Amino acid sequence: MKILIAEDDELMLKTLEFRLKRDGHQILLAKDGRQALEIIENDLPDLVITDIMMPYSTGLEIVGSVKQKFGDKIKVIILSGMGQESVILEAFRLGADDYITKPFSPNELSVRVSRFK
Amino acid sequence: MSLQDIFNVAISSLFLGYSLFLMCGYIFIGLYSIGELKKYLRKNSFTNYRLLANSAEAPKISIIAPAYNEGANIIENVRSLMSIYYSNLEIIIVNDGSKDDSLEKLINSYELYKAEFFVNEQIPTKSVRGVYKSRNSIYSKLLVVDKENGGKADALNVGINVSRNDYIVCIDVDCILEQDAILKLVKPFLETNKFRVIATGGVVRIANSCEVVDGRLVKVHLPKQLLPRLQTLEYIRAFLLGRMAWSRLGGLMLISGAFGAFDKEIAIKCGGYNHKTVGEDMELVVRMRRYMEENRIPYRVSFIPDPLCWTEAPSTFQILGRQRNRWTRGTIETLKMHKVMFFNPKYHLMGMLSYPYWFAFEFLAPIIEFVGFIYFNLFILFGEVNVKFALSLLLMVYSFGVLYSVFGILMEVRTYNQYKDRKDTLKLLLATLIEPLILHSFGVWHAIMGNIDLLRKKSSWGEMTRAGFSTPKKK
Amino acid sequence: MPGFNLPLLGAAFFAILIFILAVYILIYQRLIRDTEAKYKRWDFIADHTIRDAIFFDESTSNDTDALSVPESEKLNIPDRLKRLLKNKKFRFRLMKKILYAKSDVSGEAGENLTNLYRLLELDKGIDKMLQSKSWYLNAMAIQAIGVLELKEFRDHVFRFANNKRGLIRVESQNAMIKFDGFEGLRFLDTATYPITEWQQIKLLDELSHLPDEHFTGIEIWLKSVNDTVVIFALKLVRTYYRFELYDQILECLKHKNQEVRRQAILVLKELPNPQTAPILISLYPGETGKNQILILFVMSFVSSDEDIPFLMNLLNDENNEIKINAAKAIASLGPYGMDMLESHPNVNAEPLSQIIAQIKEESK
């Protein structure tokens, strides 16, 4: 699978990349929302894993625009701190396919990702 | 000794005494700010601000951004506001009867429709033509208000009336915010139970010559033009030393109009922004403080030293002059409206220290400087004064001014160190030498003009045209 | 004449100071530039070490217990790292990085980070930090103990739960929850200092990561003399639906502190039963303006057709905010409510006409 990871924390980004590469996925990286949207346009990943708080565009904006443009062709997993009900609801309302709260287990993420194959 | 000599000595001593008094004030401020800065930075390292962005218990906030003829950049500006992530947030853009196509642009870009909306006019304002919401759920936090032109204070008041949340953050629509700016500004409201925090202010820095991409600061540069560069120095001094010390004392009187947060309930009880003064940002804080003092409610005005908000500074003498003229008038008008507090123990620190400080340092200082300048020149002309003394006094005041600026740079380097380039620092140090000669004397002159204008009852707005961000990549 | 040289003397003195400060600034900045380059290298090493540690188990899971394996085989520490570890500043930086990473990952990966911390012997410094006179270092140490769950220091943390320094107190309270889960909230029994709203947000966040359980103590905290503890207890009632404490919640509605009453009213929002609305209505006349509006807000979740006369009456109130909220509460009762709302005599006049139009549009 071609997976885009959008996350503004360098260490987290590298960690996720490392983990998912070992599962045999092709990984694209974006450090902010603007970059993420560009990569989505150009490379059409199968799955986007995005943090919520990022420069330029929030993860919620990314879900919204991905789902409006590509519908179910691109899956989106939101990765975020404290799972407040209203945020989770909004994420799903905008079309998110899954929601994982930090701190999260990398192994769990790997399993959740594999469900979208 | 003749009567004339005695007179001369008396006058000289008066000027000397006044200079020493001002210097002591500045030394106190400089030293007093150090501890507070250190404490803030250490505390900051424990704070995970992002917790606030997600929490359901976080305070509900409305960002209010008034816009007048901002058509050129309004879409980008709103776009960068929309990228703020905070769950209990509402963004209100107030179109203050712009003559350009700002509103049409917003309607088209953000898929707006005119919504049914009841505006509860708790503060009287010019009439509201319509409230717009977006059809697109991505922009569900956006509200655009269209109203009759009435000036910045009136536009902000409309924003307050429209706001449905407990706290308001007032910003200039074109300023550039740091990633966690809103979170940092809001946190002080949650930190104490002993006092009611009624307002928090953030640091404003100068964005001229900085690299900006999509409404976000990418790289900080020292302004290349002379005037913005000198103002950079001025802002470092004012925010890092001045406001920090005042906030530690608990006597902060001014929150920059470009970026500040307020407790909406208190702001409404005080009647909102006053559109009769050109210094509405300072006046509101003073009025809110006065309200709290008169109602005997323990309160605080808080201050965040982190550079949170970057804005473009005037780069021509003409616009800078207008700005300084307006500041002077704003200060005087505010002081006049609240003169009852002058050395009035009923108002505690506010009456006994803050108000007199503003009176002596902000209102009186330029006048005394100006009069002193005239006085010495006249007497040198007639050979009536000890030239050596006059010059050495001038030299002392000048060198103290430079020293204070250099100390400001030192604090900046030791805390945020925004101008990392060696050349930038050297330039900034050089600027300390000419700043008193150019920017300061220019400021004094326009402060005097402001005084005169005020005496003539001229209260026009002094339109501030902006040059737009000139980034190197556009070359 | 004496004093005449004073200004010149002053000027000379200031000039010397200016020179010294300027030189200091330039040297200091140069040092920063050098260290920043060094930090970049350090961060690279640190990031790699942390990443390797996070995935350590999987690469060598030869079903041997990690702890029984000799030190050298547990996790490969490059010599470069070993040398760097002698540097105090590097250790400090690495420690912060591990703490930060730990807040993002859980499960086995999280435990690996704690093991890494011990393996690098970063825990050896904790004692010294705890004894330091600097509140900053104390708080750092407590934070590390809590986040990494260093059990051997558990008892130290408890001493600080009611410290006079806010930050130390807060870190210690957080650590107690890390160790003991809901039981860790017991510090509330004796908390004399206020629990600020910020800390409440933090505590609720910590608790949200724990599996739900039926914890005890709320009934004590609801009676605390510390108003902020009562407020926090009410938030717990609301978050964990602990409505068996109904009678005590009702007591809080009569509390002298308006903020406590406010929280109690909010709790009722989650308790839609036939008694709730009548209770709110009986409170209404005696409440502050701010709380009256909150009552009306809660009414739009818990009211029934019988409350319509009370709400309709409020449409005549002078305060528009009350009109809006009363109208919303009536509209929340569905088509019947809407009909009643439109039967009001002022329905075609401002402000009611506009309020109703807005409610209709928003309910679409």
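We use all heavy atoms of the structure for the numbers below, so side chains are in, but hydrogens, waters and symmetry mates are not. Bear in mind that the values here come from a model prediction, so they are computed numbers and not experimental data. So you know, we letter chains A, B, ... as the sequences are listed, proteins then strands, and number each from 1.
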Any side-chain heavy atom of [X] within less than 4.5 Å of one from [Y]?
| X | Y | value |
| --- | --- | --- |
| B:Asn193 | C:Thr196 | yes |
| B:Leu410 | C:Tyr24 | yes |
| C:Ile359 | B:Phe118 | no |
| C:Pro7 | B:Leu16 | yes |
| C:Ile18 | B:Thr432 | no |
| C:Ser134 | B:Arg42 | yes |
| C:Glu197 | B:Pro59 | no |
| C:Lys290 | B:Glu265 | yes |

Over 12 foreign heavy atoms within 6.0 Å of [atom1], [X]:
| X | atom1 | answer |
| --- | --- | --- |
| B:Tyr113 | OH | yes |
| B:Lys60 | NZ | no |
| C:Phe92 | CZ | yes |

Between [X] and chain B, with a heavy-atom cut-off of 4.5 Å, which part of the residue counts as in contact: side chain, backbone, both or neither?
| X | result |
| --- | --- |
| C:Glu362 | side chain |
| C:Lys323 | neither |
| C:Ala139 | both |
| C:Gln199 | neither |
| C:Ile356 | neither |
| C:Lys360 | neither |

>> Under a 4.5 Å cutoff for heavy-atom pairs, which residue among C:Gln200, C:Met140, C:Lys96 has the most contacts with chain B?
In response: C:Met140
> Of all of C:Pro351, C:Gly10, C:Ala15, C:Ser103, which one pairs up most often with chain B through heavy atoms under 4.5 Å apart?
Replying inline: C:Pro351
>> Using 30° and 60° as the class boundaries, would you call the ring planes of C:Tyr136 and B:Phe46 parallel, tilted or perpendicular?
In response: perpendicular
State, to 0.1 Å, how close [X] and [Y] come at their nearest heavy-atom pair, and which atoms those are.
| X | Y | answer |
| --- | --- | --- |
| C:Ile32 | B:Val413 | CD1-O, 3.9 Å |
| C:Glu361 | B:Ala115 | OE1-CB, 3.3 Å |
| B:Asn417 | C:Gln29 | OD1-NE2, 2.9 Å |
| C:Gln358 | B:Glu116 | CG-O, 3.2 Å |

>> Counting heavy-atom pairs closer than 4.5 Å to chain C, which one of B:Leu20, B:Val397, B:Leu52, B:Thr192 comes out on top?
In response: B:Leu52
> In terms of heavy-atom pairs under 4.5 Å, which option from B:Leu395, B:Leu403, B:Val406 contacts chain C the most?
Replying inline: B:Leu403
Quick check for you: to the nearest 0.5 Å, what is the distance between [X] atom [atom1] and [Y] atom [atom2]?
| X | Y | atom1 | atom2 | answer |
| --- | --- | --- | --- | --- |
| C:Ile16 | B:Ser399 | CD1 | OG | 10.5 Å |
| B:Tyr404 | C:Leu17 | OH | CG | 15.0 Å |
| B:Arg422 | C:Arg30 | CZ | CZ | 6.5 Å |
| B:Asn48 | C:Tyr100 | CG | OH | 7.0 Å |
| C:Ile324 | B:Arg164 | CD1 | CZ | 10.0 Å |
| B:Arg414 | C:Tyr28 | CZ | OH | 4.0 Å |

What part of [X] is in contact with chain C, defined as an atom under 4.5 angstrom from a non-hydrogen atom: side chain, backbone, both or neither?
| X | answer |
| --- | --- |
| B:Asp421 | backbone |
| B:Lys43 | both |
| B:Leu429 | side chain |
| B:Lys194 | neither |

